[in-house]
Amino acid sequence: MKLIILRTNLIEALNVVQGGIGENANLPILKSFLVRTDGGRITFVSTNLELAVECAVPGKVVESGKAAIPFSIFNSIIKNLTSERVTIGDGGNKVTITTDNYEAVVQGQDPNDFPIIPSLAEENEIFKIKTKEFKDAVSSVISSAQYSEIRPEISGVLLSMGGDAMNLVATDGFRLAEKTVTDFEDKGAASDVAVIIPLRTANEFLRIFNSAETVDVFLDQNQVLVKSDGEKVISRLIDGKFPDYKAVIPKETKTEVIADRQELINAVKLASSFSGKSNDITIRIGDNKKFLEVYSADTAIGENSYKVPVKLSGEKFSVIFNWRYILDGLKVHKTPNVSIGFNSPDKPVIIRGEGDKTIVYVAMPIKG
Amino acid sequence: MNPQDIWQTVLGDIELQISRPNFLTWLKNSQFLGKADKDDGVALVGLPNNFAKEWVKSRYHKIILGSLRNVDGSIKNIDYVVVGNNAASQIVSAARRIKSEAEAVEPQAPLIELKVDPKTNLNPRYDFKTFIVGSSNEMAYAAAQAVVRDVGKKYNPLFVYGGVGLGKTHLIQATGNEIMAAYKNRVSVLYVSSEKFINDVVWAIRNKRMDDMKKKYRDIDVLIIDDIQFIAGKAATEQEFFYTFNAFYENNKQIIISSDRPPSAIPTLEERLRSRFEGGMTVDIVYPDYETRLAILKTKMKENNVVLDEKIVELVAARVQKNIRELEGVLNKITFYEQYKKGRIDDKKLDEIINEAVQVTPKNITPNDIVKTVAEFFEVPTADMTQRSRKQEVVEPRQIAMYLMRDVLKMSYPHIGDRLGKRDHTTAIHACEKITREIGENPALNQKILLIKERLYKM
């Protein structure tokens with residue numbers, strides 16, 4: 001095998017496959033990525049056996065072949081090179097990296113030991129969507145997912161399709177975000193599906209697909225594939241039943257306030273620096289009903305209170321929250337104003353963007 | 001040969017032919033699912049994920065087929081399927097797992113509908129905060145607290161017993177929840193009713209999947225079993241429970257058991273199980289006293305946001321004595337009535353509601369039933385009870401019968417004396433007073449009387 005690739009292209013490709021590099025004591029080859037040529041195309045592949053990432057790399061194939069190259073050493077070599085043109089060759093399991101003034105020989109692995117990446121057939125395509133739309137949708141909910149694997153069924157993002165709409169949902173049991181997407185092209189592999197995409201895979205979706213206009217999404221019983229022209233992520237799905245999240249979203253609220261989103265974010269951030277160990281801040285409406293007060297106090301630090309002008313309908317209230325949950329809830333929206341619906345101090349609060357019905361964010365208060 | 005044995009043989013064979021890392025990565029979590037169809041000779045092999053499927057199919061197909069054919073000559077081909085289970089995540093080394101959110105905020109309220117935890121079976125509604133402690137249950141409460149602090153070491157097993165509706169389930173579930181919270185989910189807790197356990201055993205026996213069942217229970221750190229008395233007399237279940245119990249005990253894993261009576265009073269329970277139950281900490285929950293009942297009512301009222309007249313609450317607490325669930329029931333009925341009528345409940349209706357709850361049982365019980373039941377319980381001839389015999393062994397039964405006649409049937413003392421050996425009414429008074437006094441001091445006696453009453457009501 002002999003390839004000539006521009007350094008900038010290499011760096012880009014390495015950034016993509018980085019997310020798939022695995023650590024497995026039994027299978028050290030997962031720390032390597034696979035380089036292979038199909039005709040004139042060069043492809044980099046990495047996997048951790050839960051997900052696999054593939055990416056096409058522009059470059060010149062002088063001699064076709066394949067090699068498994070340890071990621072970390074290769075990555076640091078490429079990052080520190082100064083020459084633009086990099087030649088990659090191999091002999092046995094040794095990989096040579098040469099530029100005008102540099103030469104390295106890296107101990108590689110037998111490429112035949114590299115895991116075979118599963119694939120999904122064309123007829124499994126369920127929709128095609130604008131990349132930006134897709135990444136926006138994933139990023140609106142991903143911050144609400146459970147980060148640990150205590151409850152596997154919520155350590156990911158639910159993708160459910162039905163009718164003309166698709167919902168992405170994530171929750172950690174304390175808060176929940178739902179994004180509805182309608183702007184996509186249904187490919188009809190399945191009409192009603194609900195699958196749970198692992199959090200790490202969802203993060204990969206966000207990290208890569210930076211240049212492609214659209215992506216295609218394929219599904220079967222236990223894997224999901226998202227691909228663009230040059231890049232491809234294939235992953236297992238989480239086996240489990242996502243909780244019945246619809247029941248969690250309050251149908252109506254007693255009080256609704258509309259406030260400037262940026263101002264509220266500032267208020268919560270400020271209040272957060274005064275909140276105690278439990279991250280608690282109090283959000284309340286005072287007697288004159290013109291301001292929403294964001295208040296926090298800690299005996300060791302002091303106290304502060306920030307007043308945000310609001311439009312209010314309903315009664316006054318006072319609820320204690322974990323400021324992180326509120327901040328996340330404000331950040332997922334993009335509209336200038338948000339509407340916040342309250343019921344009572346022990347019922348979930350609902351945050352919506354004013355004029356944007358597609359994102360719903362629900363958070364539970366801290367028990368008073 | 002069952003599929004598991006076949007697969008063990010095949011795996012043993014393959015392990016010798018491929019490198020250990022490869023074996024561990026690709027085949028360790030595989031399983032043999034039998035033949036797809038009896039005749040076509042296609043065997044089904046389950047693999048944890050698509051990577052394993054692709055790899056095994058392309059690399060090990062020949063070896064596997066060869067080994068399989070050595071065991072079962074009728075197999076001609078293999079189909080590989082992905083079996084969705086969590087084994088897929090086990091394949092990845094534990095080191096890769098993301099650490100649990102260490103700074104999880106304690107008082108954060110979870111989204112209500114997401115609450116019931118499918119893994120532990122625990123209902124988070126039950127916690128120590130809503131468990132009202134009085135003299136009737138403080139021992140049990142303290143023991144449960146000690147278990148939370150020292151899981152598996154201090155009181156193992158913790159055996160909680162007491163009558164219906166006194167809060168056993170609440171206490172043991174709260175203990176489970178507290179352990180989950182205290183150890184930030186580093187321990188796995190499982191709550192099962194004994195019925196569920198029995199069903200699991202029956203299922204495992206029928207489907208020859210005993211190993212799965214064993215694995216399921218033995219991966220748990222804290223096992224909570226409710227109403228254990230139901231496993232008594234079911235030999236296979238008792239045996240399986242015995243093994244599970246021993247496995248837990250030897251590994252210092254915590255077991256928490258509840259029952260409606262102490263281990264010694266569960267008939268047909270195998271002796272070896274009984275002695276094990278008694279080896280840990282046995283605590284009872286008895287009827288709550290007046291103050292506790294009042295406190296319970298007030299907590300419930302606060303929980304449900306209702307306000308009732310202080311007098312009514314006191315009356316309910318005073319009259320509904322034997323069951324917390326009944327206490328709640330009466331409270332609910334009164335609140336419902338008041339909301340419906342939009343006003344204070346009148347004394348007559350109140351009386352009706354309470355009586356309905358309190359006096360459900362003794363309708364058809366006759367003095368003869370009492371004598372017969374007591375005699376049977378103590379295994380003394382009925383005739384001795386009703387005659388003037390002063391044999392030592394009939395004295396206590398007779399006194400208990402007198403007490404029950406007074407307590408359950410509200411009979412007059414002269415009448416009681418007359419029924420039991422033509423005795424004077426003072427003898428009856430003495431017996432009733434003596435038993436009433438001793439119930440408070442002697443738990444064994446209390447237990448006996450509860451059991452007799454139970455039999456009586458079952459007639």
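A, B, ... follow the sequence lines: proteins, then strands. Residue 1 opens every chain.
Side chains of B:N50 and A:I234 form no contact here, defined as non-hydrogen atoms less than 4.5 Å apart. A 4.5 Å side-chain heavy-atom check between B:F51 and A:N48 finds every atom pair outside the cut-off.
Annotation for A:Q221: atom CD does not count as buried by contact number, only 12 or fewer foreign heavy atoms lying within 6.0 Å. No more than 12 heavy atoms of other residues, nucleotides or ligands sit less than 6.0 Å from atom NZ of B:K302.
For chain B, the nearby part of A:L51 is the backbone; its heavy atoms alone come within less than 4.5 Å. For a residue to count as touching a neighbouring chain, one of its non-hydrogen atoms must lie under 4.5 Å from one of that chain's; by this rule B:R20 does not touch chain A. Heavy atoms closer than 4.5 Å to chain B are found in the side chain of A:T47, but not in its backbone. Within the 4.5 angstrom heavy-atom criterion, atoms from both the backbone and the side chain of A:N112 approach chain B. The contact between A:F114 and chain B is made entirely by backbone atoms, counting heavy-atom distances below 4.5 Å.
Heavy-atom pairs under 4.5 Å with chain B were tallied for A:P118, A:P198, A:S155, A:G240; the largest tally goes to A:P118.
A:L49 approaches B:W26 most closely through the heavy-atom pair CD2-CH2, 3.5 Å.
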